[in-house]
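Below you'll find the structure, written out as structure tokens, and then a few comments.
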Amino acid sequence: MPKQVDHEERRRALAEAVFTVIGSRGFEAVSLREVADMAGVSMGAVQHYFPSKHDMLLFALGHMRARVLHRLQSTIAALAEPTHRDVIRAGIRVMLPVDEPGRQEAIVNIAFFSAATVTPAYAKVLRDGYERLLAATVGLLDAARQAGELRRGVDVDAEAAALLYLIQGLTGPMLIGACTPDEGLALVDRHLDRIFR
């Protein structure tokens with residue numbers, strides 16, 4: 001009996017190879033051939049799933065979002081009776097380059113941000129991701145307010161946006177060593193101290 005092929009798993013494996021190429025040689029180095037070499041498959045195998053580099057990169061960008069979400073869900077599930085602050089801090093920690101998966105994701109994310117300035121399809125995926133993340137953060141902060149965990153007068157919409165842009169502002173400096181993971185997380189904690197009781 002022929003072996004069943006999991007096509008989505010193959011596509012995800014090729015997306016991971018895209019991330020490895022970006023992380024080791026930069027966004028400009030990504031090509032169908034480079035990804036095939038990195039994944040240890042033929043060029044034809046890559047073209048079977050992705051007829052063009054653009055299709056491959058667009059899928060990889062969507063896969064990155066799913067990968068971060070999976071890490072976030074696993075991290076939160078491991079917390080014992082977390083407060084809303086614990087959940088928000090865990091989410092921020094996952095999105096910052098404080099460990100090897102976070103570092104690779106941050107490098108890829110920055111590469112796509114640069115490309116998105118001239119590629120509307122990437123910009124749309126990134127904007128959609130921001131909108132979902134912002135809505136989730138507003139929801140968490142609003143739940144924290146209803147539970148009496150926030151300081152009086154906190155504007156949950158403004159603070160949710162400030163947290164997301166704090167993450168973006170810390171990512172580049174952390175990647176190049178201008179700010180250590182501990183220093184970045186300390187700034188996050190100071191910001192959370194202003195919001196939470």
Side-chain angles (χ1 to χ4, degrees), residues 8 12 15-16 19 58-114 116-117 121-176 178-197:
E8 277 309 299
R12 289 190 295 268
E16 291 290 333
F19 305 153
L58 205 51
F59 178 84
L61 182 55
H63 173 63
M64 177 58 72
R65 183 175 57 209
R67 177 178 144 164
V68 172
L69 182 59
H70 176 74
R71 285 201 317 117
L72 177 60
Q73 290 169 336
S74 298
T75 299
I76 292 170
L79 297 174
E81 299 181 27
T83 64
H84 292 98
R85 178 185 173 136
D86 294 334
V87 171
I88 289 171
R89 189 184 190 279
I92 291 170
R93 191 177 192 289
V94 165
M95 289 185 277
L96 286 172
V98 299
D99 56 17
E100 197 46 47
R103 182 172 175 75
Q104 185 188 47
E105 290 158 5
I107 290 168
V108 171
N109 195 35
I110 286 176
F112 272 105
F113 266 98
S114 294
T117 61
Y122 302 159
K124 181 180 183 329
V125 171
L126 291 168
R127 277 194 311 272
D128 290 349
Y130 263 117
E131 288 170 13
R132 279 194 297 277
L133 197 51
L134 185 60
T137 307
V138 167
L140 279 169
L141 287 174
D142 193 47
R145 178 176 54 195
Q146 292 177 33
E149 297 173 21
L150 295 187
R151 293 184 183 276
R152 184 174 299 228
V154 167
D155 180 336
V156 296
D157 293 314
E159 292 300 342
L163 284 169
L164 292 187
Y165 300 132
L166 175 62
I167 294 165
Q168 289 302 307
L170 285 170
T171 298
M174 289 173 75
L175 281 175
I176 63 169
C179 175
T180 68
D182 287 343
E183 290 167 341
L185 290 172
L187 285 171
V188 168
D189 286 332
R190 285 184 65 188
H191 190 81
L192 292 175
D193 287 344
R194 284 191 323 94
I195 302 171
F196 286 86
R197 293 183 185 278

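Keep in mind that the numbers below use all heavy atoms, side chains included, and drop hydrogens, waters and symmetry copies.
In this structure, the side chains of Phe196 and Thr83 stay at 4.5 Å or more apart for every pair of heavy atoms. Residues Val156 and Leu150 have side chains in contact (heavy-atom distance under 4.5 Å, counting atoms from C-beta outward). For the pair Val188/Leu96, a side-chain contact is recorded, criterion being any heavy-atom separation below 4.5 Å from C-beta on. Side chains of Ile92 and His191 form no contact here, defined as non-hydrogen atoms less than 4.5 Å apart. Between Asn109 and Gln168 the shortest side-chain heavy-atom distance falls below 4.5 Å.
Taking both residues in full, the closest heavy atoms of Ala90 and Thr75 are given as CB-CG2, 4.0 Å, listed atom of the first, atom of the second, then distance. Heavy-atom minimum distance, His63 versus Ala15: CD2-CB, 3.6 Å. The minimum heavy-atom distance between Cys179 and Gly184, with the atom names listed, is SG-N, 3.5 Å. Here the shortest heavy-atom pairing between Asp155 and Asp157 reads OD1-N, 3.1 Å. The shortest heavy-atom contact between Leu79 and Asp86 is CD1-O, 4.0 Å.
Separation of atoms CD1 (Ile167) and OG1 (Thr137) is listed at 7.0 Å; rounding is to 0.5 Å. For the atom pair CD1 (Ile195) and CG (Leu163), the distance works out to 4.5 Å, reported to the nearest 0.5 Å. Here the CZ-CD distance, from Arg65 to Glu105, works out to 13.5 Å after rounding to the nearest 0.5 Å. Going from atom CG of Leu175 over to atom CD1 of Ile107 covers 5.5 Å, rounded to the nearest 0.5 Å. Atoms CG and CG, from Asp182 and Leu187 in turn, are 11.5 Å apart once rounded to the nearest 0.5 Å. Once rounded to the nearest 0.5 Å, the distance linking OG1 of Thr171 with CD1 of Ile110 reads 6.0 Å.
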Exercise for the section: Check step by step if side-chain contact (heavy atoms from CB on, under 4.5 Å) holds for Met174 and Glu183. Expected result: CA-CA 9 Å; Met174 289 173 75; Glu183 290 167 341; over 6 Å; no

Exercise for the section: Could you walk me through whether Asp128 and Arg132 pass the salt bridge (Lys or Arg N to Asp or Glu O under 4.0 Å) test, one step at a time? Expected result: CA-CA 6 Å; Asp128 290 349; Arg132 279 194 297 277; 5.1 Å; no

Exercise for the section: Mind running side-chain contact (heavy atoms from CB on, under 4.5 Å) on Leu126 and Leu61 for me, showing each step along the way? Expected result: CA-CA 8 Å; Leu126 291 168; Leu61 182 55; 4.0 Å; yes

Exercise for the section: Begin from the C-alpha positions of Asp142 and Arg145 and carry the test salt bridge (Lys or Arg N to Asp or Glu O under 4.0 Å) through to its verdict. Expected result: CA-CA 5 Å; Asp142 193 47; Arg145 178 176 54 195; 2.3 Å; yes

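Just one residue in the list Arg89, Gln146, Glu149 forms a side-chain hydrogen bond (donor to acceptor under 3.5 Å, both in side chains) with His84, and that residue is Glu149.
Of the possible polar contacts, none joining the Arg93 side chain to the Leu185 backbone as a donor-acceptor pair under 3.5 Å is found. Arg151 places a side-chain N or O within donor-acceptor distance of the main-chain N or O of Asp193, the cut-off being under 3.5 Å.
More than 12 heavy atoms of other residues, nucleotides or ligands shown are found within 6.0 angstrom of CZ on Arg194.
Of the N and O atoms on the side chains of His70 and Arg67, not one donor lies less than 3.5 Å from an acceptor on the other residue.
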